[in-house]
Amino acid sequence: MVRPFYVTTPIYYVNDRPHIGHAYSTVAADVVSRYARLRGRPAYFLTGLDEHGLKIERRAKEEGLAPQDFVDRMAAPFRSAWEELGCAHDGFIRTTSPQHRENVQALWKLMQDSGDIYLDDYEDWYCVGCESFKTEKELLEGNLCPIHQKPVERIKERSYFFRLSNYTQPLLDFYEAHPDFVQPEARFNEVKSFVKEGLRDLSISRTSFRWGVPVPGDPEHVVYVWLDALMNYVSALGGPAEQGKAPLYDEFWQSSGTITHIVGKDILRFHAIYWPAFLMSAGIRLPTQIWAHGWLTVNGEKMSKSLGNFLPPGPLVEAFGADVLRYYFMREVGFGHDGDFNHRNLLNRYNGELANGLGNLMNRIVASIVKKSLDGRVPNVDLDSLEEIDRQLIDKASAASQQAGKHIEALAFHRALDTIWELVSAANKYVDSTEPWKLAKQDDKTRLEQVCYTVLETLRWLSVMLFPVMPEKCNELREQLGMAPLLPTEQVDLWPSAWGGLRAGTRTKTATPLFPRFDESQERSILERLGVEVAPADKKKAPAMTETEQRKDEFIEFDDFTKVDLRVAVVKEAEKVEKSKKLLRLIVDAGETEPRQILAGISEHYAPEDLIGRRVVIVANLKPRKLMGLESQGMVLAASDESGLSILGVDKDVEPGSPAK
RNA sequence: GGGCCCAUAGCUCAAUUGGUUAGAGCCCCCGGCUCAUAACCGGGUUGUUCCUGGUUCGAGUCCAGGUGGGCCUACCA
């Protein structure tokens, strides 16, 4: 029950400034770690920064700074962002720290001792933005990286390799034995099917830049940034380098505690495949779970610098407060799904749930009825003499507490909050049904006290259950209840389970409403200040695609057909493409000044020599495309059925280049 | 090409894993209340559970096929 709990966010690349995507991951990690602490578990929450790599080295140079000075400068906004958001991390790892570098080298040696590292030549395209090699087929037209749309570079170097191929089966066995290793399940399936295809050895060193951790014993090489980065989860705790004198490492990694890595879905492969393989090789225990969450769009659009909707958390925190933003993150989108950050929606949830729901419940009881009729004090009631309707609310609270706890443990934050709001709603209903204001007028003091106590105690429960998500607001709520701030203590489970924790006679306090409602003009000015364009009359939801539009005609226009430039061409040369099963490389004369190179996937059906001299029909204006590193400047038409494939030709020797129509 | 996931009210999502009449929230309309932040409470409207078939006493749930969407992966010209 008191197993240690270790949760991490990804380490963010310092080249960026913090945005709500980073904030979302970090808040989630903060929420689970706060929850674990409330349950009395020792918890450690790690976040940090990835500060190495070619991109940083270059950026620093551009700015005329030493790399270390550059990253120092870029690190500051992250630290302050997490502070503003109330993310109380225990550790903040930076990959340039000596402790981290030592541990990366220690990991390297452990992997080397296992015989999993060897030296070989490597040549391929490299994208500086991704910090990774790209295969030909991934590249866009003109050798552009598909992610960054920037040119990749041809890099040939001697490189150390990790025998990832040896871990295909061990990984599959591990997945089999740990069916919850990756969440959500659909993502786990993707990981498994990727591994089942068989893994190739991984290049894990670079000589093309210096800004990284030197390979032990071969300082010409720098450790591959992903190996470097993944190691942070262990190095932050002291790691294998500090063997025997790293109490955090012993407590949170080497114990039987839970280790949860929260990651974005884009970096799942590194965490679910490479990282466990590295650890297996080094003989270090594996994490318990990798949780891949989705992406946030902003008002329905993908967040990007070029679109100008790159959203830093700072101004939002300023406008709404950290807890409101945290609440919105956790409430709005199912963890694991993609979601949308929508300002309008945030305001609706704020007014509808926080202000009208929870805030008003608190206000109507504490600042009004209890204050006016009970002298602002928690009444003394006999819990055994409560009425049925009181017990129903208590039962509801009990159920909510249990359910919400389970949901948070499963990182289903939206469900947890859903459950908790059912209780808020039930409590408001309870107040309406019991009508304490009438009891006050009727001088039915005993009943009035019972009703007020029941609501006050419900509020106390809520102040605990919502604490992981809204720590500040919950402590304010507690202050108004006359209670001390929550102080999680190891070995003590504070999660609500016993009714009656609120002491009779406690003096409640009235203060400003917890969540003052925004009226329309306030909403407008907030949105204006944030620079959000608001559609006047509820701009119709993204028009998506209407079903009717999708049903296109079965026919195409003649004009459509004439767009296709079909021509007769004569095959001049033909050869098999090396290492390819299906492709033939053809040089054809299409009546143009230069011959064309066309790749055709017909190698299984035609021998190259049988094609030379034949007339074929080609699509001449097809956009060129690279296949196996060779550009194909057109397409050879062929018909196929179960028995095979047959190239289309002409039955007279028409001139090369003749149009076909 | 191979694979995975999904499809439920106008929107966002539930449905105890095959069990009664498919439910919430938001939105909209009507009513009540007046302690409260114009808050709260009640009532009302909206469904071919994507389609077709199958298994079953019983299917939103399981099976087959199809359609549409998302994702992973691949030498699709």
Side-chain angles (χ1 to χ4, degrees), chain A residues 135-138 184-197 265-266 268-269 292 294 331-334 336-340 342 345 348-349 351-373 414-415 417-419 421-422 424-425 427-441 448 451-452 455 512-520 538 540-542 544-545 547 550-551 577-584 586 598-603 618-619 622-638:
Chain A
T135 51
E136 291 277 356
K137 57 185 186 282
E138 288 178 77
E185 213 180 318
R187 295 274 162 215
F188 201 8
N189 291 341
E190 284 174 12
V191 168
K192 287 179 197 161
S193 72
F194 184 86
V195 175
K196 273 182 199 148
E197 298 282 311
K265 62 182 185 181
D266 55 322
L268 177 60
R269 187 189 303 175
R331 180 75 179 95
E332 177 66 19
V333 1
H337 293 102
D338 286 342
D340 187 38
N342 184 289
N345 215 330
N348 288 345
R349 286 205 183 272
N351 275 345
E353 293 166 7
L354 295 176
N356 297 351
L358 177 60
N360 184 53
L361 173 67
M362 151 119 257
N363 203 54
R364 66 199 298 206
I365 287 297
V366 177
S368 180
I369 297 168
V370 170
K371 185 182 180 191
K372 290 180 204 161
S373 308
H414 63 303
R415 295 249 187 132
L417 289 169
D418 205 36
T419 304
W421 247 260
E422 276 177 34
V424 171
S425 177
N428 267 318
K429 198 170 300 187
Y430 171 85
V431 175
D432 271 55
S433 309
T434 51
E435 301 179 306
W437 55 91
K438 280 191 185 160
L439 298 173
K441 280 176 198 157
L448 175 65
V451 167
C452 287
V455 179
T512 47
L514 264 187
F515 303 100
R517 203 184 145 82
F518 296 133
D519 63 29
E520 249 181 77
D538 194 22
K540 272 270 194 287
K541 264 279 184 217
M545 266 166 277
E547 318 70 42
Q550 289 178 347
R551 193 186 193 83
V577 174
E578 206 185 332
K579 285 193 209 156
S580 168
K581 210 162 65 188
K582 291 185 187 167
L583 288 181
L584 285 186
L586 308 176
I598 293 183
L599 300 182
I602 54 175
S603 177
I618 66 165
V619 181
L622 196 62
K623 190 172 164 190
R625 162 127 181 214
K626 278 207 166 187
L627 295 168
M628 297 292 284
L630 299 167
E631 187 171 89
S632 180
Q633 301 156 330
M635 169 175 167
V636 173
L637 297 187

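Every heavy atom of this structure was used, including side-chain atoms; hydrogens, water molecules and symmetry mates were not. Chain A is the first sequence line, chain B the second, and so forth, proteins listed ahead of strands; every chain is numbered from 1.
- Comparing rC28(B) with rA74(B), their P atoms sit 49 Å apart, to the nearest whole Å.
- Going from the C1' atom of rA59(B) to that of rU8(B) covers 14 Å, rounded to whole Å.
- Nearest to the side chain of A186(A), among rC40(B), rC4(B), rA36(B), sits rC4(B).
- Regarding the sugar-base torsion, rU52(B) falls in the anti class, its angle being beyond 90° of 0.
- The two residues P184(A) and A292(A) come nearest to each other via the heavy atoms CD-O, 3.2 Å.
- At whole-Å resolution of the value, CD in E190(A) and P in rC72(B) are 7 Å apart.
- Regarding E353(A), its CD atom lies at a distance of 16 Å from the C1' atom of rC40(B), rounded to whole Å.
- Residue N189(A) places at least one side-chain N or O closer than 4.0 Å to OP1 or OP2 of rC5(B).
- K192(A) comes within contact range of no nucleotide atom at all, as no heavy-atom separation falls under 4.0 Å.
- rC26(B) and rG18(B) are spaced 32 Å apart, taking the C1' atom of each and rounding to whole Å.
- Defined by atom type and a distance below 3.5 Å, a donor-acceptor pair is present between the side-chain atoms of R364(A) and N428(A).
- Nucleotides rC50(B) and rA15(B), compared at atom P, are 15 Å apart to the nearest Å.
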Quick one, F194(A) with V191(A), criterion side-chain contact (heavy atoms from CB on, under 4.5 Å). Give me CA distance, side-chain angles, the key distance, then yes/no. CA-CA 5 Å; F194(A) 184 86; V191(A) 168; 5.8 Å; no
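- Side-chain atoms of A355(A) lie closest to rU37(B) of the nucleotides rU37(B), rC35(B), rA77(B).
- For the side-chain contact (heavy atoms from CB on, under 4.5 Å) with V431(A), the qualifying choice from V451(A), N360(A), I365(A) is I365(A), the only one to do so.
- An OP1 or OP2 oxygen of rC40(B) is reached within less than 4.0 angstrom by a side-chain nitrogen or oxygen of N356(A).
- In this structure, D338(A) atom CG and rG69(B) atom P are separated by 17 Å, rounded to whole Å.
- A gap of 14 Å separates the P atoms of rU49(B) and rA7(B), to the nearest Å.
- Nucleotides rG10(B) and rG47(B) are separated by 7 Å at their P atoms, to the nearest Å.
- Rounded to a whole angstrom, the distance from the C1' atom of rU61(B) to that of rU55(B) is 14 Å.
- Each of S193(A) and E197(A) was assigned the nucleotide of RNA chain B with the nearest heavy atom; the assignment lying further toward the 5' end belongs to S193(A).
- Side-chain proximity of D432(A) to the nucleotides rA77(B), rC40(B), rC35(B) is greatest for rC40(B).
- For the pair E422(A) CD and rC41(B) P, the interatomic distance rounds to 13 Å; values are reported in whole Å.
- At rG42(B), one or more side-chain N or O atoms of K429(A) fall inside 4.0 Å of OP1 or OP2 (strictly under the cut-off).
- With rC4(B), rC41(B), rA77(B) as the candidates, the nucleotide lying closest to the side chain of N428(A) is rC41(B).
- Nearest heavy-atom pair, F515(A) versus A355(A), reported as atom, atom and distance to 0.1 Å: O-CB, 3.2 Å.
- Rounded to whole angstrom, the span from the CG atom of N351(A) across to the P atom of rU37(B) amounts to 14 Å.
- Per the geometry, CG belonging to N363(A) stands 19 Å off P belonging to rU34(B), to the nearest Å.
- Within the nucleic acid shown, R187(A) comes within 4.0 Å of sugar-phosphate atoms alone, with no base atom in reach, counting heavy atoms only.
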Begin with the C-alpha distance, continue with both residues' side-chain angles, and end with the deciding distance and a verdict on side-chain contact (heavy atoms from CB on, under 4.5 Å) for R331(A) and D418(A). CA-CA 8 Å; R331(A) 180 75 179 95; D418(A) 205 36; 3.1 Å; yes
Check the pair I369(A), L439(A) against side-chain contact (heavy atoms from CB on, under 4.5 Å), reporting the backbone distance first and the verdict last. CA-CA 10 Å; I369(A) 297 168; L439(A) 298 173; over 6 Å; no
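- You'll find the side chain of D338(A) reaches within 4.5 Å of the side chain of K265(A), heavy atoms only.
- Between R415(A) and rA14(B), a side-chain N or O to OP1/OP2 separation shorter than 4.0 Å is present.
- Going from the C1' atom of rC29(B) to that of rU67(B) covers 37 Å, rounded to whole Å.
- Among the protein residues, P436(A) comes within range of no part of the nucleic acid, since none of its heavy atoms lies under 4.0 Å from any strand.
- Under the 4.5 Å side-chain criterion, counting only non-hydrogen atoms from C-beta, E435(A) is in contact with W437(A).
- With a 4.5 Å cut-off on side-chain heavy atoms, N345(A) and R349(A) count as touching.
- A residue-by-residue look at K265(A) and V431(A) shows that V431(A) has its nearest nucleotide of RNA chain B further toward the 5' end.
- In RNA chain B, runs of at least 3 consecutive Watson-Crick or G-U pairs, each pair with both distances below 3.5 Å, span B:1-7 with B:67-73, B:10-13 with B:23-26, B:28-32 with B:40-44, B:50-54 with B:62-66.
- Computed from coordinates, the H337(A) NE2 to rG70(B) P distance equals 16 Å when rounded to whole Å.
- Distance CZ (F515(A)) to C1' (rA36(B)): 16 Å, rounded to an integer number of Å.
- Proximity of K441(A) to the phosphate of rC35(B): a side-chain N or O atom is located under 4.0 Å from OP1 or OP2.
- Distance from the side chain of S368(A) is smallest for rA36(B) among the nucleotides rA77(B), rA36(B), rC41(B).
- Nucleic acid contact class of S373(A) (heavy atoms, under 4.0 Å, all strands): none.
- At rC33(B), none of the side-chain N or O atoms of K438(A) fall inside 4.0 Å of OP1 or OP2 (strictly under the cut-off).
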